Amino acid sequence: MGEGRGSASSTSVVTMLLLCMFVFHPNMIHAETYIVGDGQGWTFGVQSWPAGKIFREGDILVFNYIPLIHNVVRVNEFGYKSCVALGGSELHASGADRIKLTKGANYFICAVPGHCNRGQKIAVNAY
């Protein structure tokens with residue numbers, strides 16, 4: 001009988017821990033994954049891709065591209081508007097980068113010269 005109570009107690013503790021995890025980390029439950037640029041991937045003219053989409057903190061953006069041709073850099077608003085990746089910017093270059101959105105404004109550019117100016121940049125606001 002003591003064994004049965006221990007098992008039920010262990011199950012209750014695990015259940016409560018899982019419940020607390022979901023309550024305190026709700027973005028984990030509702031996180032979505034988005035392919036930037038859909039079928040075209042991370043390329044020129046992608047800057048309008050976020051239009052009409054609702055993003056949340058914790059959502060994942062997947063940037064698919066040929067790494068010898070492009071890259072992805074997380075920049076601030078100045079970097080986005082000026083197409084400049086300043087020192088300390090977060091550089092990604094795998095060709096299949098998965099980047100988690102933070103709450104608020106998230107800016108990404110391709111830092112290969114001329115690419116950002118040709119529309120290879122996106123601004124995403126996550127709620």
Side-chain angles (χ1 to χ4, degrees):
M1 282 181 23
E3 230 177 284
R5 271 190 243 157
S7 296
S9 179
S10 296
T11 303
S12 295
V13 169
V14 170
T15 302
M16 289 302 293
L17 286 173
L18 287 173
L19 181 60
C20 286
M21 184 179 80
F22 291 132
V23 168
F24 293 111
H25 297 289
N27 58 343
M28 290 175 57
I29 298 171
H30 301 290
E32 297 286 336
T33 299
Y34 296 91
I35 308 282
V36 175
D38 299 318
Q40 293 181 22
W42 177 237
T43 190
F44 303 113
V46 75
Q47 67 194 41
S48 63
W49 172 82
K53 296 175 179 68
I54 298 174
F55 299 96
R56 291 182 172 70
E57 176 184 14
D59 284 352
I60 304 292
L61 297 184
V62 179
F63 294 82
N64 293 321
Y65 57 93
I66 300 170
L68 295 174
I69 300 172
H70 303 295
N71 59 36
V72 179
V73 182
R74 185 190 290 256
V75 294
N76 61 19
E77 185 177 9
F78 173 80
Y80 177 79
K81 289 180 176 179
S82 64
C83 286
V84 173
L86 298 174
S89 296
E90 185 181 310
L91 171 68
H92 301 271
S94 75
D97 305 315
R98 298 175 59 85
I99 303 173
K100 185 184 285 190
L101 294 175
T102 57
K103 188 172 186 170
N106 295 261
Y107 301 100
F108 304 94
I109 67 171
C110 179
V112 173
H115 289 200
C116 177
N117 290 322
R118 291 177 57 195
Q120 194 169 6
K121 63 181 185 174
I122 60 169
V124 173
N125 192 35
Y127 299 97

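Quick caveat: nothing in here was measured; it's all calculated off a predicted structure.
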Taking side-chain hydrogen bond (donor to acceptor under 3.5 Å, both in side chains) as the test, write out the residues that go with His92, two or more places apart.
Glu90
Is any side-chain heavy atom of Tyr80 closer than 4.5 Å to a side-chain heavy atom of Ile109?
yes
Which residue pairs satisfy the disulfide (SG to SG under 2.5 Å) criterion with at least one member in residues 30-68, sequence neighbours excluded?
none
With salt bridge (Lys or Arg N to Asp or Glu O under 4.0 Å) as the rule and sequence neighbours excluded, what pairs involving residues 101-122 come up?
none
Should Ile122 and Phe55 be regarded as members of a common hydrophobic cluster, given that ILVMFWY residues are connected when their side-chain heavy atoms come within less than 4.5 Å of each other, either directly or indirectly?
yes
Can you list, by chain and residue number, the hydrophobic cluster partners of Leu86 when the side-chain cut-off is 4.5 Å?
Phe78, Val84
For Ala105 and Asn125, work out which heavy atoms get closest and say how close.
N-OD1, 3.5 Å
Report the residues that fulfil side chain to side chain contact (heavy atoms under 4.5 Å, CB included) with Ile35, sequence neighbours left out, ordered by chain and then residue number.
Val62, Asn64
Let me check something: any side-chain donor-acceptor pairs from residues 37-47 under 3.5 Å, sequence neighbours excluded? List them with distances.
| residue | atom | partner | partner atom | Å |
| --- | --- | --- | --- | --- |
| Asp38 | OD1 | Trp49 | NE1 | 3.3 |
| Asp38 | OD2 | Trp49 | NE1 | 3.4 |
| Trp42 | NE1 | Asn71 | O | 2.8 |

For the CG atom of Leu101 and the CD atom of Glu57, what is their distance to the nearest 0.5 Å?
9.5 Å
Only counting residues at least two apart or in another chain, list the ones meeting ring-ring contact (aromatic ring centres under 6.0 Å, His included) with Tyr127.
none
Residues two or more places apart in sequence or in another chain: which of them pass side-chain hydrogen bond (donor to acceptor under 3.5 Å, both in side chains) with Ser82?
none
My understanding is that only residues two or more places apart in sequence, or in another chain, count here; which of them pass disulfide (SG to SG under 2.5 Å) with Cys116?
Cys83
Which residues pass the salt bridge (charged side-chain N to carboxylate O under 4.0 Å, His left out) test with Lys81, not counting sequence neighbours?
Glu77
Locate the shortest heavy-atom distance separating Arg56 from Ile54; write the atom from each residue and the value.
NH1-CG2, 3.9 Å
Cluster link Val36 to Ile99, ILVMFWY, side chain under 4.5 Å:
yes
Taking every non-hydrogen atom, the tightest pair across Ala31 and Asp59:
CA-OD1, 3.4 Å
Counting C-beta onward and ignoring hydrogens, is there a side-chain heavy-atom pair between Val124 and Tyr34 closer than 4.5 Å?
no
Please find the pair of heavy atoms, one from Pro67 and one from Ser94, that lie closest to each other, and give the distance.
CG-O, 3.7 Å
Are Leu61 and Val72 linked, directly or through other ILVMFWY residues, by side chains that come within less than 4.5 angstrom of each other?
yes
List for me each residue that meets side-chain hydrogen bond (donor to acceptor under 3.5 Å, both in side chains) alongside Ser89, sequence neighbours excluded, and say none if there are none.
none
Using a 4.5 Å cut-off on heavy atoms from C-beta on, say whether the side chain of Asp97 contacts that of Arg74.
no
Let me confirm one number: the NE2-SG distance from His115 to Cys110, rounded to the nearest 0.5 Å.
5.5 Å
